[in-house]
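A, B, ... follow the sequence lines: proteins, then strands. Residue 1 opens every chain.
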Amino acid sequence: MHYKTHTCGELRLEHAGQTVTLAGWVHRRRDHGGVIFVDLRDRFGITQVVFNPAHLSAETFALAESLRNEYVIQVVGDVVKRPEGMANPKLATGEIEVVANKLTVLNPSKTPPFVINDDTQELDEALRLRYRYLDLRRERMMRNLIIRHRFVKFIRDYLDARGFIEVETPILFKSTPEGAREYLVPSRLHPGRFYALPQSPQQLKQLLMVAGVERYFQIARCFRDEDQRADRQPEFTQLDMEMSFVDQNDVLEVVEGLLTAFTEQFAELHGKHLMFKPFPRLSYEEVMERFGRDKPDLRYGMELFDVSAAMRGTSFAPFQAAHVKGLVAPGCAHFTRRQTDELTEFAKRNGARGLVVLWHDADGYRASGAGAKLSDAEKQAIMRISGSKPGDLVLLAADDDRMKLNEALGELRHELGLRLKLGDPDALAFAWIVDFPMFSYDETEKRWVANHHLFTAPRDEDLEFLETDPARVRGKQYDLVCNGYEVAGGSIRIHRRDVQERVMRLLGLSMEEAYQKFGHMLEAFEYGAPPHGGIAPGIDRLTMLYAGAPNLREVIAFPKNQQAADTMLGIPSPVSEKQLQELHIRIVTEEEALERLTK
RNA sequence: GGAGGCGUGGUGUAGAGGCCUAACACGCUGCCCUGUCAAGGCAGAGAUCGCGGGUUCGAAUCCCGUCGCUUCCGCCA
């Protein structure tokens, strides 16, 4: 027996005259005394059901009167064209209605803690998460789930058609020394030993390349025990990919092709469009100079400008530094001193020494503050180079450390972009960031550290600087950014033993240590590892962008809150003494733990 | 670990030392109503203002502490 012959989203004029059975939730009920309308909802849509006493027994009509929101019901009725002028253009099924002649209440419902049939109202998220199964019933959340499904389905089809195969890798993995904090899983069979949940299948996918898979992908769950952000969850999903016999360009083209195709083919679903086609490729150096951030929001300009040369020899003390740069906040000349002070504070928090503000009025820069102290020639130079116009606000900063200056202004640019809503909410500004510096010097530990991971290949032309000038070595490493988010990151890997050894030597890693930590990798690489590389786009972040959602929780069915907890499930939860015993685990207080450590 | 924001009937908000016997909208309950689709009308129930302490003649309102949620910094090879 089937509960329904049709979904609540599929009936049209052509079905008029048919007798159908529908089942779903009471979305809304309009009781006119004599006639009752019920908007019946299932995942596929909403259909108006009419209960008319003329066509019903008294008992059935009474039952219809007892219906409340979110009751689960089944209705048998006739599809009829709505009377003239009564069609509802807001509903896909709005030309017809179902005149009920039989009603079954499959399950009543308590009054929900919040309304399901209106998702325009903002709700306390703690409440939503506590009743996530109700929250997900709301149209917006259901739509997000559908966008995510379409995206993942598209990925599988797209990559399958291009010779990729999906291979699953273990969730019970190995604790790795570097990188993010891991979730540990105690072993029952091996007292005192642990599995670790993977931060990503990085090493395993490289081993799959050694295995000859050549084109691998996986919709892979990853785990990181770090503090949460709006765009960071303790468990998240990556499109993990790796390819053999490829260079950087091959990897970029596959991902760019996939995202371009999905964006364009499903424009009607998500309503977003590409800002750039093809995606621009910017070097790390260029992006830091122009935007001050390695994940810039490119939906708007507001680029940093450089007036260092023009300010050389200035008598204005704040600009007596090696580098003077700034940006133009369009149409912000109305900002009050209080507002610009706030921006100055923001810039300082992000490493700027201060912020110099110029108000561009109808007749040039206002003669107050810096505007009074800079010479006319200096002001003219700033106006020419910045291109500021009357009504704009010019913000400048100076520093001897150029990268620090870029970063401070970059964060300021990003903040202003958000506040002024400069980005088109329907645009996706994808861009590749390439040629990242491979190493940076850790001042506190007095040693070179890898910016990505130690299997990242250096650019061929930079190999010669590996020993002489490590800061100059750029990697075959790339990020995909979109609207201010990093949405993918990857690299071409080292496949030659000699290069790998040189990198490890630079990082102060002896072969002995390296074998201890990564022996399984190094050993595998000695059995004919092909040249290979890969990338891992973040499924959650991309879905968030397609859904136009403000955080990851909106596109994850059952997310964790900021404390990495789930209040609906009540996790993390305590476990029984017996379970702990089996796992050879004893809970100790912080004091006891400290005591053991110091002994 | 640190900084900011928020916490008032079921939900979303208003209130900023006495106007509060806490208001409004939605929801909920009952009654009326045969063409609505955010239905409409009438009536009603529902809040120890997150919690604890303090200041004051008087606290939702001010102060201190605490808890919860959230955003950001640190952290995320």
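Aromatic rings from His15(A) and His6(A) are positioned such that their centres are separated by under 6.0 Å.
A60(B) sits 7 Å from C49(B) when the P atoms are compared, rounded to a whole Å. Distance check on atom P: U71(B) versus G10(B) gives 26 Å, rounded to whole Å. Going from the C1' atom of C6(B) to that of A16(B) covers 16 Å, rounded to whole Å. Comparing the C1' positions of A39(B) and C33(B) gives a spacing of 11 Å, expressed to the nearest Å. With P as the reference atom, U36(B) and U48(B) are 41 Å apart, rounded to whole Å. When the C1' atom is used for both G46(B) and U11(B), the distance is 13 Å, rounded to whole Å. Across the P atoms, G41(B) and C24(B) are found 16 Å apart, a figure rounded to whole Å. Annotation: G50(B) and G5(B) have their C1' atoms spaced 16 Å apart (nearest Å).
Rounded to whole angstrom, the span from the NE2 atom of His32(A) across to the P atom of C31(B) amounts to 17 Å. To the nearest angstrom, C1' of C73(B) lies 14 Å from CG of Asp231(A). Rounded to a whole Å, the CG atom of Leu67(A) is 12 Å from the P atom of U29(B). Summarising the geometry, the separation between CD on Glu122(A) and P on U70(B) is reported as 14 Å, rounded to the nearest angstrom. Following rounding to the nearest Å, Glu84(A) (CD) and U36(B) (C1') show an atom-to-atom distance of 17 Å. Asn451(A) has its CG atom 13 Å from the P atom of C75(B), to the nearest Å. For Gln233(A) and U70(B), the CD to C1' distance is 13 Å, given to the nearest whole Å. With rounding to whole Å, Glu226(A) atom CD is found 16 Å from C72(B) atom C1'.
Here the nucleotide nearest the side chain of Arg30(A), chosen from U70(B), G35(B), C37(B), is C37(B). With G30(B), C75(B), U36(B) as the choices, the nucleotide that has an atom nearest any side-chain atom of Arg68(A) turns out to be G30(B). Distances from the side chain of Arg82(A) to the nucleotides U36(B), U70(B), U34(B) place U36(B) closest. Side-chain proximity of Gln563(A) to C69(B), U71(B), C37(B): nearest is C69(B). Relative to the side chain of Arg553(A), the nucleotides C28(B), C69(B), U71(B) differ in distance, and U71(B) lies closest. Listed candidates were G35(B), G12(B), C28(B). Nearest to the side chain of Leu123(A) is G12(B). Considering only the side chain of Ala230(A), C72(B) comes nearest among C72(B), C69(B), C28(B).
At the heavy-atom level, Arg29(A) lies nowhere under 4.0 Å from the strands shown. Among the atoms of the strands shown, none is found under 4.0 Å from any heavy atom of Glu182(A). Residue Leu127(A) is classed as a sugar-phosphate contact, given heavy-atom separations below 4.0 Å to backbone atoms only. Using a 4.0 Å heavy-atom distance criterion, Asp118(A) is classed as making no nucleic acid contact. Contacts of Asn117(A) with the nucleic acid, taken as non-hydrogen atoms under 4.0 Å apart, are absent. Here Pro113(A) lies in heavy-atom contact (under 4.0 Å) with sugar-phosphate atoms only. Within the nucleic acid shown, Asn52(A) comes within 4.0 Å of at least one base atom, counting heavy atoms only. Heavy atoms of Asp31(A) sit under 4.0 angstrom from at least one base atom.
Checked by distance alone, Arg232(A) brings a side-chain donor or acceptor within 3.5 Å of a matching partner on the base of C75(B). Counting atom types as modelled, Asp227(A) pairs a side-chain N or O with a base atom of G74(B) as donor and acceptor under 3.5 Å. Between the side chain of Gln121(A) and the base of G27(B), no donor-acceptor pair under 3.5 Å is found. Counting atom types as modelled, Arg229(A) pairs a side-chain N or O with a base atom of G74(B) as donor and acceptor under 3.5 Å.
With the nearest nucleotide of RNA chain B identified for both Asp39(A) and Glu411(A), Asp39(A) has the one nearer the 5' end. Mapping Phe114(A) and Arg28(A) onto RNA chain B via the closest heavy atom, the residue that lands nearer the 5' end is Phe114(A).
Annotation: Arg82(A), atom CZ; neighbour count of heavy atoms from other residues, nucleotides and ligands within 6.0 Å is above 12. Counting non-hydrogen atoms of neighbouring residues, nucleotides and ligands closer than 6.0 angstrom, the CD atom of Glu501(A) exceeds 12 such neighbours. Within a 6.0 Å sphere centred on OH of Tyr195(A), heavy atoms belonging to other residues, nucleotides or ligands number 12 at most.
Nucleotide G40(B) is matched to C32(B) when pairs are restricted to Watson-Crick or G-U wobble geometry with both distances under 3.5 angstrom. Using Watson-Crick or G-U wobble geometry with both donor-acceptor distances under 3.5 Å, C24(B) finds its partner in G12(B). In this structure G68(B) sits in a base pair with C6(B), meeting the Watson-Crick or G-U test at under 3.5 Å.
With sequence neighbours excluded, the residues satisfying side-chain contact (heavy atoms from CB on, under 4.5 Å) with Met568(A) are Arg132(A), Tyr133(A), Phe558(A), Asp566(A).
Looking only at distances, no side-chain donor or acceptor of Arg493(A) sits under 3.5 Å from a matching main-chain atom of Gln206(A).
Within residues 42-51 of chain A, the residues that have a heavy atom under 4.0 Å from RNA chain B are, in order of number, Gln48(A).
Side chains of Leu409(A) and Leu405(A) form a contact here, defined as non-hydrogen atoms less than 4.5 Å apart. Side-chain contact between Gln516(A) and Met511(A) is absent, with no heavy-atom pair separated by less than 4.5 Å.
Looking at Glu513(A) and Tyr515(A), their side chains never bring a donor and an acceptor atom within 3.5 Å of each other.
When all heavy atoms of Gly533(A) and Tyr478(A) are compared, the closest pair comes out as C-OH, 4.4 Å.
A cation-pi geometry, defined here as NZ or CZ lying under 6.0 Å from the six-membered ring centre and within 45° of its normal, does not hold between Arg541(A) and Tyr485(A).
Not one side-chain nitrogen or oxygen of Lys110(A) sits closer than 4.0 Å to the OP1 or OP2 atom of C28(B).
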